[in-house]
Number of protein chains: 2
Amino acid sequence: MKVFEVVGQTRSFTRAAERLNLTQSAVSRQVRNLEDELGEDLLIRRHHHLELTPAGAELLATIQEAFHSIEVSLRSITEKSNQNRLRINVPPTFAKRWLLPRLPRLREALPDVDISLGTEAADTLAERGLLDCAIRFGDGEWPMLDASILMTERHVVVCAPSLLEGLKIEGPSDLQRFTFLHVLASPDRRYLTWRHWLDAAGFQDVDTRGGLEFDLLDLAIEAACAGLGVTVADRSMVRNQLQTGQLVQLFDVEVEGHESYWFVTRPQAVNDRKVDAFRTWLLAEVAADRVA
Amino acid sequence: MKVFEVVGQTRSFTRAAERLNLTQSAVSRQVRNLEDELGEDLLIRRHHHLELTPAGAELLATIQEAFHSIEVSLRSITEKSNQNRLRINVPPTFAKRWLLPRLPRLREALPDVDISLGTEAADTLAERGLLDCAIRFGDGEWPMLDASILMTERHVVVCAPSLLEGLKIEGPSDLQRFTFLHVLASPDRRYLTWRHWLDAAGFQDVDTRGGLEFDLLDLAIEAACAGLGVTVADRSMVRNQLQTGQLVQLFDVEVEGHESYWFVTRPQAVNDRKVDAFRTWLLAEVAADRVA
DNA sequence: AGCCAAGCATTCCATTTTGGAATGCTCTCA
DNA sequence: TGAGAGCATTCCAAAATGGAATGCTTGGCT
């Protein structure tokens, strides 16, 4: 039953199996059993995707609602001392660079809401009921979830002021002297932020192949602060360091990235007071940022 | 989970076990496991009865609703050709004597509703989702169910006209000559309808100890029709026989019983079109009866 | 047209979960 | 204070569930 719910969401036995920590074989049989019991097909097995039959669609809707309400009830029991806890997951860099500095203001704005902050790279908002909401980086397209845009990344190049001592930085060749700090999208693939920025700046023939790689932007920024090299970073993530002089910006080139930070919720969360209050606060904060 | 639902309803591990076709031991551990998982007690184990903790009460309510909606959805799939079937259980005598003769009228009134009629002595309305509603005989007090009164029994004494040939029936002693037909409440206990009727009629010293016993009023009435003796019966159940002359009433004494026929539904059924239409029809029918 | 790969079905066996029977424990009531 | 009702516990058996390997079907691609 639970299995069918996930299959319905993922529209794939294989992906459902992953989400459920089962094998595809187990999922296949569970669904088959359910169909047998009902004497009615729930899914149309097409190749390379599944479709729901009308019966399946109706059952899926019912099951989702029922399970959700049970899950909420269960949670409110497990943590009944924490009725007012807001559980969120936030990308690590965003958490550290943007949210953490604003936590005092958040507490002030929502004094009666406790916050549980997770920084998993891949949150479980769609899969489990543990999270109330999340902030995600991407294009805002996530199936079965609602997303409101918070901010689009704006890339600037920064480094520690110590690196610049006695140097004049005016063009591509000056840049080439520094160590490049990169952020990895996956263990063997970099984000192309340097490429985009260089294109926008009109710098040809800069060799970015060398340099240090980090799996988190946060670490790249830390490295830059430590004077290890130059990095491309989202302006919002280094605002503080620029203000205090820990980092300085090189060139007056700012590139709008094609991905953004989004506030993401399950559709059912529309009538959750906490989530709503948090969304409102977030949107107000980012609006204030833009003015500043 | 399902186990806890039934325990919550029955307020007893043992009875829950019976209903679930499990042993008390299995039920005990299921509930214990659930409590352990939640880290919170759901039940207060008092001796000779269980109480729900606040957490347990909340969870029970949620679970009941969730399971019910799933069950309905499941049923509508299993029998999707029978979306418009109304499943009812009716006491056997009521079914045969009152409802069956009116079925044509019912079909006329609700032409698009198919009827599934069961006549179990103890229906499963509270326990399973199979029935949409039921008619029950009793005092109208059934936990977790809604009941609307249909009619209170009115006892009269009847027998076949052949028994009276050449006799004049005027008092207790005349009555004593007949064979008494009794209805059993349980294998070793009669309903006290004869007693009540004799008291109301003011007949002392009638010995009712002998006679034939039946487990259903219906059989007693059949026996009376066959000229086997005299019986006390609810007027509504023999209306037809009195009209056609198959039975005749002895004495002009009519006793109101202290139990009634009720239309019983689960609380969730309030917004079920079929059930509502049936209730309306039933109430109109009994109202018409009273006028006639 | 035919091959390849993606993805569901199937089979067989191991693991885990669930259930039953017997027994123990504790509280209530007479 | 003893009996009995009713929940807890223990131990073992049975059933359900899951995993790995493998088979099958089909849509896409050359």
Side-chain angles (χ1 to χ4, degrees), chain A residues 1-57 59-60 63 67 70-71 74 124 126-128 143-144 186, chain B residues 1-57 59-60 63 67 70-71 74 78 126-128 143:
Chain A
M1 193 112 255
K2 185 75 199 169
V3 169
F4 173 68
E5 192 204 345
V6 178
V7 171
Q9 282 175 19
T10 59
R11 300 295 153 90
S12 152
F13 285 22
T14 315
R15 283 195 295 283
E18 278 166 27
R19 183 168 300 178
L20 290 162
N21 283 105
L22 292 178
T23 56
Q24 173 265 321
S25 132
V27 172
S28 172
R29 264 179 328 160
Q30 289 277 24
V31 173
R32 165 55 50 103
N33 286 156
L34 183 60
E35 288 179 325
D36 286 352
E37 270 172 46
L38 295 178
E40 178 84 22
D41 282 3
L42 264 19
L43 297 168
I44 303 166
R45 279 98 169 143
R46 297 213 185 288
H47 294 265
H48 293 238
H49 81 285
L50 297 174
E51 272 171 39
L52 290 165
T53 62
L59 182 62
L60 179 63
I63 282 182
F67 281 13
I70 289 179
E71 195 157 13
L74 247 30
T124 57
E127 294 84 43
R128 349 198 95 271
M144 334 208 58
S186 65
Chain B
M1 192 111 257
K2 184 77 199 168
V3 169
F4 172 70
E5 191 204 346
V6 178
V7 170
Q9 282 175 18
T10 57
R11 298 297 151 89
S12 151
F13 284 22
T14 315
R15 283 195 295 283
E18 277 166 25
R19 185 168 297 178
L20 290 162
N21 283 106
L22 292 178
T23 56
Q24 173 267 320
S25 132
V27 172
S28 173
R29 264 180 327 161
Q30 290 275 22
V31 173
R32 164 57 48 105
N33 287 155
L34 183 59
E35 288 179 324
D36 287 351
E37 270 172 46
L38 295 179
E40 176 84 21
D41 281 3
L42 263 19
L43 297 168
I44 302 166
R45 278 100 170 140
R46 297 213 184 286
H47 294 264
H48 293 235
H49 80 285
L50 297 174
E51 272 171 38
L52 290 166
T53 62
L59 182 62
L60 178 64
I63 282 181
F67 280 13
I70 289 179
E71 196 157 13
L74 246 30
T78 324
E127 294 86 43
R128 348 198 96 271

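Note on naming: letters A, B, ... go to the chains in the order of the sequence lines (proteins, then strands), and numbering restarts at 1 for each one. Values reported hereafter were calculated over all heavy atoms of this structure, with side chains retained and with hydrogens, waters and symmetry mates removed. Remember, predicted model here, so these are calculated numbers, not experimental data.
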Rounded to the nearest angstrom, tell me the gap between atom [atom1] in [X] and atom [atom2] in [N].
X: A/L22; N: C/dT16; atom1: CG; atom2: C1'; value: 13 Å
X: B/E18; N: C/dG20; atom1: CD; atom2: C1'; value: 15 Å
X: A/I44; N: C/dC8; atom1: CD1; atom2: P; value: 14 Å
X: B/E37; N: C/dT17; atom1: CD; atom2: C1'; value: 12 Å

Looking only at heavy atoms, which two atoms of [X] and [Y] are closest? And how far apart?
X: B/T53; Y: B/D41; result: OG1-O, 2.9 Å
X: B/R11; Y: B/L52; result: NH2-CD1, 3.1 Å
X: B/R19; Y: B/V6; result: CD-CG1, 3.8 Å
X: B/L43; Y: B/L50; result: CD1-CD1, 4.2 Å
X: B/F67; Y: B/E5; result: CD2-OE1, 3.2 Å

For residues 26-33 of chain A, which side-chain N or O atoms pair as donor and acceptor with protein atoms under 3.5 Å away, sequence neighbours left out?
none

| request: Give me the first and last nucleotide of DNA chain D, going 5' to 3', that has any atom under 4.0 Å from a heavy atom of chain A. | output: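 On DNA chain D, the outermost contacted nucleotides are D/dT17 to D/dG27.
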| said: Heavy-atom nearest nucleotide on DNA chain C for B/S25 versus A/F13: which residue maps closer to 5'? | reply: A/F13
Using a 4.0 Å heavy-atom cut-off, does [X] contact any base of the nucleic acid, only the sugar-phosphate backbone, or nothing at all?
X: A/N33; value: nothing
X: A/T14; value: sugar-phosphate
X: B/R32; value: sugar-phosphate

| said: Any side-chain N or O of B/Q30 below 4.0 angstrom from OP1/OP2 of C/dT18? | reply: no
| request: In plain terms, say whether B/E18 and B/R15 are close enough for a salt bridge, that is, a side-chain N and a carboxylate O under 4.0 Å apart. | output: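 Looking at B/E18 and B/R15, the cut-off is not met.
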| task | Have a look at the helix from C/dA1-D/dT30 to C/dA30-D/dT1 and give the angle its two end axes make, five pairs each, rounded to 10 degrees. | result |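 Between the axes fitted at each end of the helix from C/dA1-D/dT30 to C/dA30-D/dT1 lies an angle of 30°.
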| message | Between the base of C/dG7 and the side chain of A/R45, is there a donor and acceptor pair under 3.5 angstrom? | response |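 Between C/dG7 and A/R45, which were checked side chain against base, a qualifying N/O pair under 3.5 Å is absent.
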| query | Would you say A/Q24's side chain and A/F13's backbone share a donor-acceptor pair under 3.5 angstrom? | reply | no
| task | Evaluate the side-chain proximity of B/L38 to B/L59: yes if any heavy-atom separation is below 4.5 Å, no if none is. | result |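 Yes, side chains in contact.
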